Structures are given as structure tokens and as C-alpha cells.
Participant: 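What follows is a structure written as C-alpha cells; I'll ask about it next.
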Amino acid sequence: MSTAVSAREAEVLRLLGEHLSNAEIAARLVISVRTVESHVSSLLRKLDAPDRRALARYAPPVGGRAPLPAPVTSLVGRGRERAELAGLLVEHRQVTAVGPGGVGKTRLALSVAAQLADGYADGVGFVDLVPVTEPGLVAAAVADACGLGERPGVGMVESVLADLADRRMLLVLDNCEQVREAVAPFVERLLAACPRVTVLATSRAPLSAPYEQVYRVPPLSLAGGADSEAVALFVARAGAAAGRRPGPELAAGIAALCGRLDGVALAIELAAARWPTLGLDGLTAGLSDQLRLLAGGRRAAARHASVAAALDWSHDLLAPADQQLLHRVSVFVGPFGVPAAAQVCGSPAGAVADGLGRLAEQSLLQVTTVAGGTGYRALASIRQYGLRRLAEAGGEVEARDRHLDWCLAVAGELTVVGPGWRARFDAVADELRAALGWAAGRPARRAAAYRLARELAGLTFGRNLVGESQALYEQAAALADDPALAAAALRSAAAVAGCRMRGDDAYRLRLAAAAAARSAGDAAAAAVDTASAASDAYRFAGSFVRPPEPARVVALVDAARESAGGDPAARAAVALAEAGVLADAYGGADGPATIAVPEALSAAHRAVGLAAATGDPLAESAALEALLSAQSWDGAPFAAADTARRRIALVTDLAATPAAAHELTDALGEAAEASLGVGDLPAARGFARRLAAHPLLAEDGHRATSRLLVAGSLAVDVDEVLAASVRFRDGWRRAGSPAQPALGSAVAGVAMIHGLRGDRAAADEWRAVLGRLGAAPGRSHGYGAVFDAMLLLHRGDAAAAAERLAPEPDRVWRWVTWLWLHWYVALRAEAAVLAGAGEAGDRVAAAARIVTGNPVAEAMVARAAALLAGERAAVLATSAALAAAGCRYQAARSLLLAGGEDAARGVAALGRLGVAARF
């Protein structure tokens with residue numbers, strides 16, 4: 001088919017549109033009928049039309065300049081784009097609005113043209129170039145839209161230029177992409193010959209004209225979530241289709257849907273049209289195949305009846321090499337650079353770069369930034385379209401394989417953590433996930449899928465995506481052909497579950513690792529896993545939803561012992577299980593006070609010795625935890641604090657594997673509590689702050705801040721507690737407000753702080769949270785008694801405080817021995833003295849023997865003794881000692897209790913702390 005239509009042929013075509021006969025046309029143009037017949041025959045051939053009636057459809061409307069098309073629906077949003085495009089048209093004479101099919105270029109151009117029409121004396125001419133497939137007909141289409149004719153003896157282009165030379169008008173050239181090689185020179189000549197004409201073009205690719213100013217039309221804004229422009233469009237169109245608008249309860253879901261549609265107006269409108277029959281859940285489920293879902297729209301333009309039709313229009317304009325490139329790069333789910341695309345396409349980087357540039361010019365790819373320079377990405381609908389074409393061409397397996405190889409190489413590079421690691425991982429994470437998803441379902445790619453799952457599991461753990469990491473380690477175990485590799489992956493999965501406080505999962509995965517190790521013929525490794533499962537059932541009992549039966553755990557210890565043999569690691573693991581489970585070094589799971597302390601100490605020391613001999617710091621740290629627990633039950637808090645510091649020294653500088661991270665976070669929490677137990681407030685708060693800042697707990701604010709809240713509450717650091725409590729409550733709520741009794745001490749401390757501030761409403765709110773955590777058996781005698789007594793003494797109700805602390809320490813030792821013993825006896829002595837109890841002297845003397853070496857508790861007991869003896873100077877002396885120990889609140893209380901002129905100083909000091917002085 002010829003690509004050139006002569007000026008005379010264009011004139012004949014225009015008259016055919018008026019339904020004139022050949023003779024009438026000949027008379028109108030003053031030419032012979034035979035000449036007209038020749039022109040008609042030529043037009044039939046060039047335009048591939050079957051008859052004269054078909055030719056007439058190519059003719060422009062009769063009767064002068066056509067008005068702007070009137071949209072049947074209102075334009076939603078686009079305020080920023082309208083302003084920007086209108087501003088460009090004020091400054092530039094030729095602006096091209098560029099964007100992918102369906103993004104809304106025509107609607108935007110029509111809106112801006114209508115907005116600016118009054119500024120042009122000769123109005124606006126709108127030219128729809130969709131029907132124009134022959135370059136020679138561009139000028140004729142402009143002439144017809146503007147009501148112009150061809151001047152005798154002059155070609156159509158020259159006629160248009162002459163007629164528009166003196167006009168002040170805006171000429172809108174819509175849908176230029178398929179004839180842009182003809183539009184560009186025409187516009188160049190037009191702007192040179194017609195100085196008061198401004199051109200606004202829409203195209204899927206720039207025209208590359210000399211004076212062109214390109215404006216890239218973005219998708220609809222997704223900013224604002226439920227209040228975004230994209231959501232507004234969906235709601236408006238869905239309401240029109242259903243006769244009722246979607247309710248506000250669906251706003252969040254609609255926002256997510258529009259996000260997955262990339263804000264493309266056509267896709268959103270087509271989805272909205274199907275809302276009445278599919279509902280939001282059906283639409284969301286169908287988005288994995290947008291091309292099928294977003295079809296069937298009733299539209300005047302067939303190319304906009306579906307997303308696939310709109311993309312067919314763009315695809316067919318591409319050269320075959322560019323079509324193939326689009327298909328292959330569609331395997332990328334996110335932004336990619338030229339080197340990555342070259343590897344996946346198996347082509348030279350230079351050729352790929354050139355092709356990617358052309359695809360971006362055609363708005364089939366978006367230009368973005370990736371590490372190392374310029375990158376590209378495809379909208380979801382374009383990507384799905386490319387993948388469909390790739391599969392139809394039989395090239396999907398090869399492209400997917402190359403993509404998988406690229407992902408394995410990238411994952412290997414990311415295992416070295418350095419500056420910018422997080423950003424580099426985030427940039428390729430979705431690619432790695434997509435490659436794994438494809439490979440995991442294909443037996444021939446099983447080995448590669450295993451490697452990628454292992455790599456990605458470690459990377460996601462490093463990125464603190466711990467839930468995903470656990471699932472990936474489990475997936476790697478399922479993909480491993482070697483049971484020894486499966487066992488290793490399951491151990492890592494168990495460690496991640498421990499980091500997540502999912503005790504049931506950790507226990508299950510440890511036992512699965514033991515089974516895999518046995519399948520691999522490694523009895524010693526199976527013994528380690530079995531014994532570790534038993535130990536963890538007691539070490540981390542608070543993280544279980546359904547703790548295993550004690551008899552089952554004991555049976556695991558016996559089984560591990562039988563298969564351990566002489567392997568050092570197995571013997572150490574069994575020794576730890578014997579200390580923790582059989583000797584009950586951890587104190588069981590809130591059971592009766594039946595701990596045989598000497599046996600527990602002996603077993604723990606043995607476990608530490610065997611673990612140290614292995615050279616494994618993680619095994620030694622776990623054994624040290626059993627030892628510090630036994631030391632606590634033995635009433636040796638200073639020894640326990642020293643052991644806690646030994647743990648910290650062992651694990652602080654280890655590589656951040658799941659097992660090491662789990663051990664470190666546990667060690668930090670234990671060290672904070674052990675330091676509080678001996679009155680070392682600075683150390684306790686230091687360990688607690690390290691725990692709160694640990695990246696592993698970034699999303700678990702309640703776990704991260706629990707120890708910090710306890711330390712801050714005992715020190716009465718109001719500002720720190722209030723700040724940390726916000727993070728605690730947010731994290732707890734995000735986690736589903738779980739019932740976790742182990743968090744009770746932190747919540748009770750926050751409630752006390754609000755009580756000290758005089759904010760009873762806030763204190764009641766936190767007591768309600770405490771009730772939802774579930775009652776721990778030790779609450780009434782341990783942290784509950786300590787925090788209640790501190791608040792009662794602050795309010796001057798010493799009798800109530802003495803009653804709250806009435807039980808003798810040896811009667812409730814299980815609940816006060818670990819952290820609370822020194823605080824309990826010191827407050828108990830003070831309450832007895834202030835209440836005037838007859839046994840006050842005995843309580844002071846007994847407390848003094850217990851708290852020796854604890855700077856805070858010693859000073860508090862000394863203050864109680866001075867109050868009992870009426871020695872005001874000795875009471876004042878304790879203020880300085882308490883301040884030096886990091887306990888400014890108790891230092892201020894010493895001033896208050898000293899009375900006289902020092903009481904005012906105490907009130908002022910409390911005020912600076914944010915505490916209300918109420919006596």
C-alpha cells in the first residue's frame with residue numbers, strides 16, 4: 001500500500017465525504033471525470049478501502065472547524081497536571097503530552113484546550129489522527145478539522161499553512177503516534193509559517209520536532225490513599241455503573257487496587273465498570289491477569305475497549321526487535337538497569353540500551369533511577385502483556401532462566417553487607433522473590449530454587465523481615481535434596497522463629513531438623529537438635545502458646561542423651577537440657593517452687609564447662625543463662641549479674657545470623673534485669689537501650705521497650721518512660737494486642753509512672769492493658785508489689801504499702817528472687833518504718849543484710865534506718881548517695897522525708913522530674 005496521498009487526491013477524498021458523484025467532483029474541481037475516476041481508484045488502493053462508501057469515512061466532517069469533542073464523563077482530579085500543561089502552552093508554541101495508552105492524555109488535553117480556548121481569537125481546532133494511517137493525509141485531516149479547503153494549484157500542506165498564517169489559534173493534534181514521522185515535519189513547517197498558532201499534541205512517543213516541549217502525563221495520583229485521585233475516579237465510575245457508590249468502608253481496599261493498577265485511568269475505569277458484578281474482592285483476585293479482567297468496556301474507540309487492545313495499538317507500532325525486547329524485559333517485576341536487561345536478553349548492552357530508550361520513548365517503559373545510573377520499569381499491565389507475548393512466542397523459559405541466573409548472582413553479592421546495603425536489597429528484593437516463585441514450581445530448577453531460597457532467607461533476615469525469613473528457610477528445607485542441607489535450613493528457621501517469639505514454631509522446627517539430621521545419618525547433630533528443642537521449651541516458655549508436656553520434654557532429653565555419643569557439641573547440648581529441664585535451672589513454667597537449687601547450680605556449671613570446650617560462643621551463652629538463673633534462685637544476684645555480662649561479651653560481636661541475633665537479644669534483656677537486681681541503674685538502662693535499638697525488634701515495639709520501661713520506671717525517668725510507652729503500645733496493638741504475661745512488669749511500671757504524675761485516667765488505662773496481658777502468678781508478689789508500694793509510699797499511705805509488702809521474702813522468693821528481691825525488702829523496710837510498725841527495726845536489719853553492695857537499695861535501707869532513729873542528717877546524706885547511683889527520684893524523696901527547709905527542695909526536684917508531690 002502506498003504511503004503518499006497527493007494534494008489532489010486529498011481534495012477528491014474530501015468531496016467524497018460530501019457524497020458527490022464523480023461527475024459532480026469533476027465539475028467542482030474543473031477536471032475530467034476520467035481524472036476523478038483515476039484519483040478514486042488510487043485512493044481505494046492506497047487506503048485499502050473496499051468501495052467509495054468506505055473511502056467517505058476517511059473524509060473529514062463538512063461545515064467548518066469541528067468543535068472540541070464533549071466527554072461523556074467528567075474529568076476527575078488532574079488539577080496539578082492541568083496547571084502544568086496550561087503553563088507550558090503559555091510559554092511554548094509546541095507541547096506534546098506523552099504517556100502510555102489509557103493514561104488519560106486525550107482527556108487532559110481536551111480539558112486544557114477548553115480552559116485556554118478564550119485566549120485564542122480563532123479558537124481551538126481538534127484533530128483526531130487515529131483514522132489517519134497514511135502520512136500524506138495529516139495535512140488533509142488538519143484542513144478538514146479546521147474547515148479549510150485546498151487552494152487551486154497548491155498542495156494541501158501549503159493550503160493549510162496559507163490559511164492559518166494569520167490565525168491565532170490552538171491546534172490539538174490527538175493520537176499522533178502512528179503517523180508521528182509525518183506529523184513532526186508538518187508541525188515544524190506550521191510553526192514557522194504561522195507565528196500565532198500553538199500546537200498541543202498527544203502521543204505515546206515524542207514527535208522529536210525541533211521546537212517540541214515534552215510533557216509526560218503521569219498516572220493518576222495515589223497520594224492520600226483513600227482520598228487520592230485514583231480512588232476518586234474508581235468511586236465515580238463504579239457509582240455510575242452500579243447506581244450506587246462504593247461505601248467508605250471499601251476505601252482502603254480500593255486504594256490498594258488502584259495502586260496495583262499503577263493509577264492508569266483506563267485500567268481503573270475498566271475495573272470500576274466490573275465492580276457491580278465482581279465486587280472488590282473479585283477484582284483484587286483477578287488482578288494477576290489484568291489483561292483478561294480489564295476487558296469488555298463499551299467505548300467509542302475500540303483501542304480503549306480493553307487494556308489489551310490499548311497495548312496492542314502500541315505494540316504494533318514497534319519494530320520486531322523492540323517487540324522482542326519488550327517481551328523479554330517483562331520478566332522484571334521492578335526497575336532494572338541496562339546490564340541486567342542485557343543479561344536477561346542475551347544481547348550486547350549497547351543494543352539493549354538503544355532498544356530500551358525507544359521503548360521508553362513509546363511510553364511502554366518508564367525511565368527511573370537504579371543503582372549505578374538510569375533504569376527502566378514497566379507498568380503492571382504492560383508487564384503482563386509482555387509476558388503473555390513472551391509465552392506465545394515460546395521464549396519464556398529461556399528468559400526466566402536468564403533472570404534466575406541474574407538473581408542468584410545478585411543475591412550472592414548482597415550477602416556482603418556494607419554501606420547502602422538496605423537500599424540495594426530493596427531495589428532487587430521483588431526480583432529475587434519472583435525468580436524464586438518461578439523456579440520453585442519447576443523440578444528442573446529445584447537446585448537453583450534451593451540456593452535462592454537460602455540466600456533470600458538470610459537477606460530478608462538481615463532486612464528484619466523475620467516472618468518472611470522463617471518461611472523462606474522452611475521453603476529452602478523443603479527444596480533441599482540433601483537432608484543435611486534441609487536440617488541446616490530448619491535450624492535457621494527455628495532460630496528466626498525464636499527471634500519472633502514463636503516458641504511453638506521454634507520447637508517444631510528444631511525437632512524437624514533433628515529428623516532431617518537422622519535421615520542424613522548424623523546422630524550427633526540430631527542429638528543437638530533434640531536437646532536444644534527440650535532446653536528451649538523451658539528457656540523460652542513464655543513464647544509458647546501451647547507449651548509441650550513436661551513428660552514429653554523429659555523424654556526428648558533422654559533420647560538426645562542416648563544418641564549423643566562422645567560428640568562435644570552433643571554432650572554440651574544434653575548437659576544444658578539436663579540443667580534446664582531435669583534440674584529446673586530456669587524455674588519451670590510458672591510451676592510450684594520445687595527448684596533444687598544446689599543441683600541446678602551444679603548442672604549449670606557442668607553445662608557451661610562443656611559448652612566452653614566446644615568453642616561455640618552461642619552454646620556457651622545458652623549455658624551461662626542456665627547458670628545465671630540458678631544463681632538467681634540461690635539468692636546470689638551479684639554473681640548472676642556477672643554471668644549476664646559474660647554472656648554479653650560472648651555474643652556482642654558475632655555475625656548477625658538468626659541464632660546469634662536471638663541469643664544477643666535474649667542476653668541484653670537478661671543483663672538489663674540482672675543489673676536492676678543489683679541496683680546498677682546506669683548499666684541496666686544501657687543494656688535496655690541497646691535492646692530497644694536492636695534492628696531485629698524495629699517492628700516489635702512492645703518487646704523492644706519492655707526492659708527499658710522497667711528500668712525507667714524503677715529510676716522514675718518520666719520522660720523516657722512516656723516516650724517508650726508510646727512505642728510499646730503501638731507495637732503491642734500492631735501485634736494484635738497479644739496476652740503476654742511476661743510484659744506485665746513493663747506495663748505495671750508505666751501505670752505507676754502515670755500515678756506518680758497524678759494522671760489517674762492514664763494510670764487506669766495502663767492497668768487495663770495489664771489486665772489484657774494475662775495475670776502472671778508472680779504479679780502480686782513481684783513487680784506488682786514493688787510498683788504498688790512505690791506509688792503508695794509516694795502518696796503517703798505507708799500503712800497500705802506495708803500491707804502490700806506483708807509477705808516475708810522467703811515465702812514468695814520465687815517471684816522476688818530474680819530482679820525484685822532488693823527492691824522488695826528495701827521498700828518493705830521503709831513502709832514499716834513510716835507506718836510505725838512494731839517490726840520495723842527487724843525489717844530494716846534484715847533488709848540491710850540482704851542488700852549489701854546494691855547502691856540504691858543500700859541507700860534506701862539506710863534512709864529507713866535513719867528515719868527510725870530520727871537522724872535527720874543521715875536521711876539527708878542518702879540523697880547524695882541515691883543521686884550518684886542514678887536514682888534522682890529516690891534522692892528527691894530523701895529531701896522530702898528529711899523535712900524542714902529541705903522538703904521544699906525535694907518538691908522542686910520532683911517537679912523537675914515530672915512527678916507530682918503528694919503527701
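If you're wondering where the values come from, they're calculated on a predicted model, not measured in any experiment. All values below come from the heavy atoms of this structure, side chains included, with hydrogens, waters and symmetry mates left out.
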Participant: Under a 4.5 Å cut-off applied to non-hydrogen side-chain atoms, are Val333 and Arg377 in contact?
Facilitator: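 They are not in contact (no side-chain heavy atoms under 4.5 Å apart), so the answer is no.
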Participant: Step through it carefully: locate the ring centre of Trp406, locate the ring centre of Phe336, and say whether they are under 6.0 Å apart.
Facilitator: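 Between Phe336 and Trp406, which both carry aromatic rings, the centre distance is not below 6.0 Å.
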Participant: When you measure from the side chain of Glu177 to the backbone of Arg204, do you find a donor-acceptor pair of N or O atoms at a distance under 3.5 Å?
Facilitator: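 Between the backbone of Arg204 and the side chain of Glu177 there is a qualifying donor-acceptor contact (under 3.5 Å).
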Participant: Treating Ser203 as the side-chain partner and Asn175 as the backbone partner, does any N or O pair qualify as donor plus acceptor under 3.5 Å?
Facilitator: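 Not a single qualifying donor-acceptor pair exists.
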Participant: Can you see which heavy atom on Ala497 is nearest to which on Asp505, and at what distance?
Facilitator: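 Shortest heavy-atom separation between Ala497 and Asp505 comes out as CB-CB, 3.7 Å.
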Participant: So does Arg388 pair up with Glu392, basic N to acidic O under 4.0 Å?
Facilitator: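 No, Arg388 and Glu392 are not salt-bridged.
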Participant: So do the side chains of Leu404 and Arg400 get within less than 4.5 Å of each other, counting heavy atoms only?
Facilitator: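 They are not in side-chain contact.
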Participant: What about the rings of Trp732 and Phe728, do their centers lie closer together than 6.0 Å?
Facilitator: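 Trp732 vs Phe728: aromatic centres not under 6.0 Å.
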Participant: With a 4.5 Å limit on heavy-atom distance, are the side chains of Thr374 and Val338 in contact?
Facilitator: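 No; the side chains remain at least 4.5 Å from each other.
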Participant: I'd like to know if the side chain of Gln323 pairs up with that of Arg389 as donor and acceptor (distance under 3.5 Å, no hydrogens or angles considered).
Facilitator: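 Side chains of Gln323 and Arg389: no pair found under 3.5 Å.
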Participant: Which heavy atom of Pro335 sits nearest a heavy atom of Thr368, and at what distance?
Facilitator: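 Looking at all heavy atoms of both residues, the shortest contact is CB-CG2, 3.8 Å.
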Participant: So which heavy atom on Ala440 is nearest to which on Leu479, and how close?
Facilitator: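 Scanning both residues completely, I find the closest heavy atoms to be O-CD2, 4.3 Å.
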Participant: Under a plain distance cut-off of 3.5 Å, with no hydrogens placed, do Ser111 and Arg82 share a side-chain donor-acceptor pair?
Facilitator: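 Result is yes, a qualifying pair exists.
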Participant: Regarding Glu468 and Thr460, is there a side-chain donor-to-acceptor distance under 3.5 Å anywhere?
Facilitator: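 On atom types as modelled, these side chains do not qualify, holding no pair under 3.5 Å.
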Participant: Is Arg402 paired with Asp405 through a side-chain N to carboxylate O contact shorter than 4.0 Å?
Facilitator: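 Result for this pair is no, no salt bridge flagged.
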Participant: Test Glu81 against Arg216 for salt bridge (charged side-chain N to carboxylate O under 4.0 Å, His left out), laying out the working first.
Facilitator: CA-CA 10 Å; Glu81 290 86 350; Arg216 297 202 173 272; over 6 Å; no
Participant: Taking the side chain as everything from C-beta on, heavy atoms only, tell me whether Ser725 gets closer than 4.5 Å to Thr705.
Facilitator: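 A side-chain contact is absent here, since even the closest heavy-atom pair is not under 4.5 Å.
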Participant: Any salt bridge linking Asp401 with Arg445? Criterion: basic side-chain nitrogen under 4.0 Å from a carboxylate oxygen.
Facilitator: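 Here Asp401 pairs with Arg445 in a salt bridge, since their nearest N and O are under 4.0 Å apart.
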Participant: Which pair of non-hydrogen atoms, one from Ala661 and one from Leu696, has the smallest distance, and what is that distance?
Facilitator: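 Heavy-atom minimum between the residues: CB-CD2, 4.0 Å.
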Participant: Measure across Ser492 and Arg454 and return the closest heavy-atom pair with its distance rounded to 0.1 Å.
Facilitator: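 Heavy atoms of Ser492 and Arg454 come nearest at OG-NH2, 4.3 Å.
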Participant: Ignoring hydrogens and geometry beyond distance, is a side-chain donor-acceptor pair present between Glu413 and Thr415 at under 3.5 Å?
Facilitator: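 No.
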Participant: Is any side-chain heavy atom of Asp174 closer than 4.5 Å to a side-chain heavy atom of Phe126?
Facilitator: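 Asp174 reaches Phe126 side chain to side chain.
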Participant: Just do the salt bridge (charged side-chain N to carboxylate O under 4.0 Å, His left out) check on Arg727 and Asp730 with the steps written out, would you?
Facilitator: CA-CA 5 Å; Arg727 183 181 172 195; Asp730 288 346; over 6 Å; no
Participant: Using a 6.0 Å cut-off, check whether atom CD of Glu699 has over 12 heavy atoms from anything other than its own residue.
Facilitator: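 No, the 6.0 Å shell around CD holds no more than 12 heavy atoms from other groups.
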Participant: When you look at Arg463 and Asp426, which way does the salt bridge (charged side-chain N to carboxylate O under 4.0 Å, His left out) test go after all the steps?
Facilitator: CA-CA 9 Å; Arg463 189 61 177 84; Asp426 288 350; 2.8 Å; yes
Participant: State, to 0.1 Å, how close Val124 and Val172 come at their nearest heavy-atom pair, and which atoms those are.
Facilitator: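 For Val124 versus Val172, the nearest heavy atoms are CG1-CG2, 3.9 Å.
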